[in-house]
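Right, one structure below, let's go through it.
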Amino acid sequence: MDKKALYSIILAIVVIGGVGIGVALYHPAPANTATAPSGAYNLELVIVPGLDYNASDPHQPAYFVYHDGVLQSSAYITIPSHRLINLTILDYDSGPGDGTPAQYLNVTGTVGNVVYGLNASTVNATLGTGGKNITINQNALQIHHMAIADIAHTFTVMNLFGTGSNMNVPIGSLMFEFTQFYANTTGTYMWQCMVPCGPGAMATMGWMMGTVAVS
Ligand SMILES: [Cu+2]
């Protein structure tokens, strides 16, 4: 092999290799990692009723974030952008949700606009016999809309998908729920429960309202 041919081969290797590396480096946040199960981010919320808000109102509910084995305040929730969010909400509170505006009875903004739920009458069916784990999205209620009689709270992230376009998850009485969503626009949003569940709680960060920072 003469030198010219050798240089041509080396040049080809460098160019092709370089293009390959360039493509690999250029490829921004591969889209398929957002949908891979390993790439999902788990956000777990717990609603606890009957908390001592103040001396005159000792029975108000609050959301908490369950993370790394501890309960944390829900005042400032953080989630990653462009990743599938697995949202699990464990609600130990009951309704009904008299006075809830009609639009907040509907599931909006989650994958498939659906929420999967377990309540006292459906949880036994999913346990089976000898089962160890309960998967909320199997054999669970598929919820698109919730009646005033059943709703206890909502997890509503205002303008998450643009002005006037909210993510709204109605939460049933004593119900465990699972749903999935994406938050693809970074920024800080307000979350709010839209069920009139407690005048103090609804106006207090870390009780029935707070922020969701998407980064
Ligand atoms: Cu509420």
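Read the numbers this way: they start at 1 and go in the same order the structure lists the ligands and their atoms. All values derive from a computational prediction rather than experimental measurement.
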Distance alone, cut at 3.5 Å: any donor-acceptor contact between the side chains of Y53 and T204?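 Result is yes, a qualifying pair exists.
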
Any donor-acceptor pair under 3.5 Å linking the side-chain atoms of H153 with those of D91?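 Their side chains do not contain a donor-acceptor pair, so the 3.5 Å distance test is not met.
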
Return the name of the atom in H153, of element N, O or S, nearest to the Cu ion (ligand 1).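 Going through the N, O and S atoms of H153 one by one, ND1 ends up nearest to the Cu ion (ligand 1).
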
I'd like to check L84 versus V111 (side-chain heavy atoms, cut-off strictly below 4.5 Å). Are they in contact?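 Answer yes - side chains close enough.
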
Opening angle at the Cu ion (ligand 1) [SG, C193; SD, M208; to 10 degrees]: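 Vertex at the Cu ion (ligand 1): approximately 110°.
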
Name the residue from Y76, W207, F155 that meets the ring-ring contact (aromatic ring centres under 6.0 Å, His included) definition with W191.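 So, applying the ring-ring contact (aromatic ring centres under 6.0 Å, His included) to W191 and each of Y76, W207, F155, only F155 qualifies.
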
Residue T154, metal the Cu ion (ligand 1), N/O/S under 2.8 Å: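 It does not: T154 brings no N, O or S atom closer than 2.8 Å to the Cu ion (ligand 1).
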
